[in-house]
Structures are given as structure tokens and as C-alpha cells.
Number of protein chains: 2
Amino acid sequence: MLMIVQELGWEELAECNKAMGDQSRLRMLALLKTEDLCVCELVEILGMTQPAVSQHMRRLKSAKLVKERRQGQWVIYSLDGERLPYFRSVVDSLPDLSYEIEALKASGKKVVCD
Amino acid sequence: MLMIVQELGWEELAECNKAMGDQSRLRMLALLKTEDLCVCELVEILGMTQPAVSQHMRRLKSAKLVKERRQGQWVIYSLDGERLPYFRSVVDSLPDLSYEIEALKASGKKVVCD
DNA sequence: CAATATTATAAGCATATGATTATATACCGT
DNA sequence: ACGGTATATAATCATATGCTTATAATATTG
């Protein structure tokens, strides 16, 4: 089976980098590297308002760096980024924030159990 | 000899990505991948004003993605980006624009001969 | 030193960005 | 269908960004 990987244009390339050009969104990607998370969990960990998180996720989603799925009342985000050749390199270079997720679980606020 | 590579913080990481989050600056990086260039050559190739190019290069320089050296009356820019772990991956994924530089040479407007 | 060429900086302006508050939409349990 | 929880969108606002024009700074040449 032949897979055609569509070449990214300048516009899309710039959009991907812009999407990764914000500290909050970088932290979100770093968190999603460890585990898929829903919006309210990101809100809890990052200490941001819910609309702020939603809007950041929209930006990441429109750059195709994350994808979403609905699970009950939650919308769960996960890393995507197959279209961006160096996305894995970027994500790998992000600090490990798994301890944040551990802390969330310890506090009993982890809501989604896959 | 032990080389210590200073870990980049969120702030710097975001700045690097922001610096790469613009079509013009991506093109500049793509051009510098082929060959070191001075400002007036970038002006010629990209069809931008000289101040616009200078300001973009300042942004790239402050993110440490390019470095400059003076050669006579010209300031020559070249890729740097050793501090950004995935910089090479990004640059490698940029389209090849060497034909732009060839065209410049053919037109007799390549000013710097190293 | 004067004249020219190259590059950088400053100021102004239109648009983009990121946050906040308020409101709408979607799903769940009863 | 209703109330509660989760998420998205809209409106607003302060700041950032990118471009333009004008001007300054630096280097070369005569």
C-alpha cells in the first residue's frame, strides 16, 4: 500500500511553528506526550481558565498537532502531528511533565480512566 | 572534553518556535541552508525591503538560530541553532531553494564571494 | 574628508495574539 | 425534560507582530 504524505507548504509550516511558539501550548504538548488528557485536566494542571485551554487546543488542532475524541462528557486530546516531519523531534525535546499528571492522579482529580 | 549543552527553558523554546513561525523567516532559513548570504542578497531574492529583512534577521539572531559575521561592508548571516536540539530536523525539512541562489548568481547580483 | 553602499534602528500603523468574562452547546444522570 | 458538568464560542481588550518610511550607523572608495 502506497502512502502519499502531502508536502507541507510554507503557510502550513509556519502555522505549525506558530502553534508551538507559545509556552502554554508547549506545556500542553509536553503533557500529552505522557498521556492523553481532557480539557478540565489541562485546566487543573496548568492553572489556566477553561476557555484559555480550549482556545489553545483549537490552535494546536488546526495545525494538526493534536487530535480530539469525545469520551462521554469529556473531550480528550492526544498528540497527532504525523504531517509535520520533525514533530516527534520537537516533542522528544520537551521536558518530561509526567509528575504533573501523577500529582493530579494523587489528588483524585484525574477524571478520565481509559 | 566535556561539553555541557545548556537546557533550553520554556521561554527560549517558545521564542525559537516563534522565530520559525513566519513564512519569510522560514524562507530565509531555507536559503541559508544552501549558502551563507548577506542582507542585500536576501532582499534581492525575497523581494522584501531591506529593513524588513534586517528585522527578521534580528529575530532569528536573538533566537540564536542564525549568527552573523561582518565581511567588509556586508553582514553575512549563516545558520547557527546548535542550542535547539531539533533545529537540524526543521531545516532539513524545508524546501530546497538553491535555484534562487543560482538565479541570483546568473543575474550577476551575487555580491559576496567567500 | 566627501560620496556611496550596506545595514541597523526608530516611529507609525494595521493586524494578530492571548487572556478574560459571558454565553452557548453537548453530554450525562435522574 | 431538567439540572449539572464539560467544552466551545463570542466579545472585548492589552500587547505583540510585521510592514513601511525615515533616519542613523558602519564600511569602502576616491
Side-chain angles (χ1 to χ4, degrees), chain A residues 10-12 14-29 32 36-63 65-78 104 108-114, chain B residues 10-12 14-29 32 36-63 65-78 104 108-114:
Chain A
W10 296 105
E11 168 95 43
E12 284 166 301
E15 282 311 314
C16 286
N17 289 338
K18 249 186 283 198
M20 297 186 293
D22 176 273
Q23 293 192 48
S24 298
R25 289 193 292 270
L26 283 180
R27 277 184 245 261
M28 292 170 177
L29 294 176
L32 293 179
D36 297 355
L37 294 167
C38 71
V39 175
C40 64
E41 291 167 339
L42 289 165
V43 167
E44 192 67 35
I45 295 174
L46 296 169
M48 306 178 62
T49 64
Q50 176 269 315
V53 170
S54 274
Q55 286 161 24
H56 281 305
M57 296 316 285
R58 178 166 56 182
R59 191 88 200 256
L60 288 171
K61 194 175 53 175
S62 102
L65 299 183
V66 305
K67 59 190 176 212
E68 65 178 32
R69 66 178 190 276
R70 188 171 267 283
Q71 182 169 321
Q73 56 190 147
W74 298 284
V75 174
I76 298 166
Y77 284 96
S78 52
L104 189 74
K109 291 178 180 163
K110 184 81 176 62
V111 294
V112 182
C113 310
D114 320 82
Chain B
W10 296 105
E11 167 94 45
E12 284 165 303
E15 281 310 313
C16 286
N17 288 338
K18 250 187 281 197
M20 297 187 295
D22 176 272
Q23 292 192 49
S24 298
R25 288 193 292 268
L26 283 180
R27 275 184 246 261
M28 292 170 179
L29 293 177
L32 293 180
D36 297 354
L37 294 167
C38 71
V39 176
C40 65
E41 291 167 339
L42 289 165
V43 167
E44 191 67 34
I45 294 174
L46 296 169
M48 306 177 63
T49 63
Q50 175 269 314
V53 171
S54 274
Q55 286 161 20
H56 280 304
M57 295 316 285
R58 178 168 53 185
R59 189 87 199 254
L60 289 171
K61 194 175 52 174
S62 100
L65 299 183
V66 305
K67 60 190 174 209
E68 64 178 34
R69 66 177 189 275
R70 189 170 265 282
Q71 181 169 321
Q73 57 191 145
W74 298 285
V75 173
I76 298 165
Y77 284 96
S78 52
L104 189 75
K109 291 178 180 165
K110 184 81 177 60
V111 294
V112 181
C113 311
D114 320 84

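To find a chain, count down the sequence lines: A is the first, B the second, and so on, and within it residues start at 1. Quick caveat: nothing in here was measured; it's all calculated off a predicted structure.
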Within the distance-only criterion (no hydrogens, no angle test), does the side chain of R58(A) pair as donor or acceptor with the backbone N or O of L60(A) below 3.5 angstrom? no
For DNA chain D, what dot-bracket results from Watson-Crick or G-U pairs at under 3.5 Å, with [ ] for crossers and | for inter-strand partners? ||.|||||||||||||||||||||||||||
dT6(C) phosphate, OP1 or OP2: any side-chain N/O from S54(B) under 4.0 angstrom? no
For the side chain of V39(B), counting heavy atoms from C-beta on, which of dT7(C), dT9(D), dT7(D) is nearest? dT7(C)
Does R58(A) place a side-chain N or O at less than 4.0 Å from the phosphate oxygens OP1/OP2 of dT9(D)? yes
Take R70(A) and T49(B), find for each the nucleotide of DNA chain D with the closest heavy atom, and name the residue whose nucleotide sits nearer the 5' end. R70(A)
Heavy atoms under 4.0 Å, any strand shown: does E41(B) hit a base, just sugar-phosphate, or nothing? nothing
Quick check for you: among dA6(D), dT7(C), dA11(C), whose closest atom lies nearest to any side-chain atom of Q55(B)? dA11(C)
Looking at H56(A), I'd like to know whether one of its side-chain N or O atoms comes within less than 4.0 Å of OP1 or OP2 on dT17(C). no
Under the 3.5 angstrom rule, does the side chain of D36(B) hit a backbone N or O of I76(B) as a donor-acceptor pair? no
So what does Q23(A) touch, heavy atoms closer than 4.0 Å: a base, only the sugar-phosphate, or nothing? nothing
Length of the line joining M48(B):CE and dT7(C):P, which is rounded to integer Å: 15 Å
Quick one: which of Q50(A), H56(A), M57(A) gives a side-chain contact (heavy atoms from CB on, under 4.5 Å) with V53(A)? M57(A)
Answer yes or no: is there a donor N or O on one side and an acceptor on the other, between the side chain of R25(A) and the main chain of A14(B), under 3.5 Å? no
Salt bridge (charged side-chain N to carboxylate O under 4.0 Å, His left out) evaluation trace for R59(B) with D22(B): CA-CA 11 Å; R59(B) 189 87 199 254; D22(B) 176 272; over 6 Å; no
Rounding to an integer number of Å, can you tell me how far Q50(B) CD sits from dA24(D) C1'? 12 Å
Short side-chain to backbone donor-acceptor contact, Q55(A) and A52(A), under 3.5 Å: no
Round to the nearest Å and state the distance from L37(A) atom CG to dA6(D) atom C1'. 15 Å
From the candidates dT7(C), dT17(D), dT5(D), the one with an atom nearest any side-chain atom of Q73(A) is dT5(D)
Counting side-chain heavy atoms from C-beta on, which of dT7(C), dT28(D), dT21(C) comes nearest to P51(A)? dT21(C)
Is any side-chain nitrogen or oxygen of Y77(B) closer than 4.0 Å to OP1 or OP2 of dA8(C)? yes
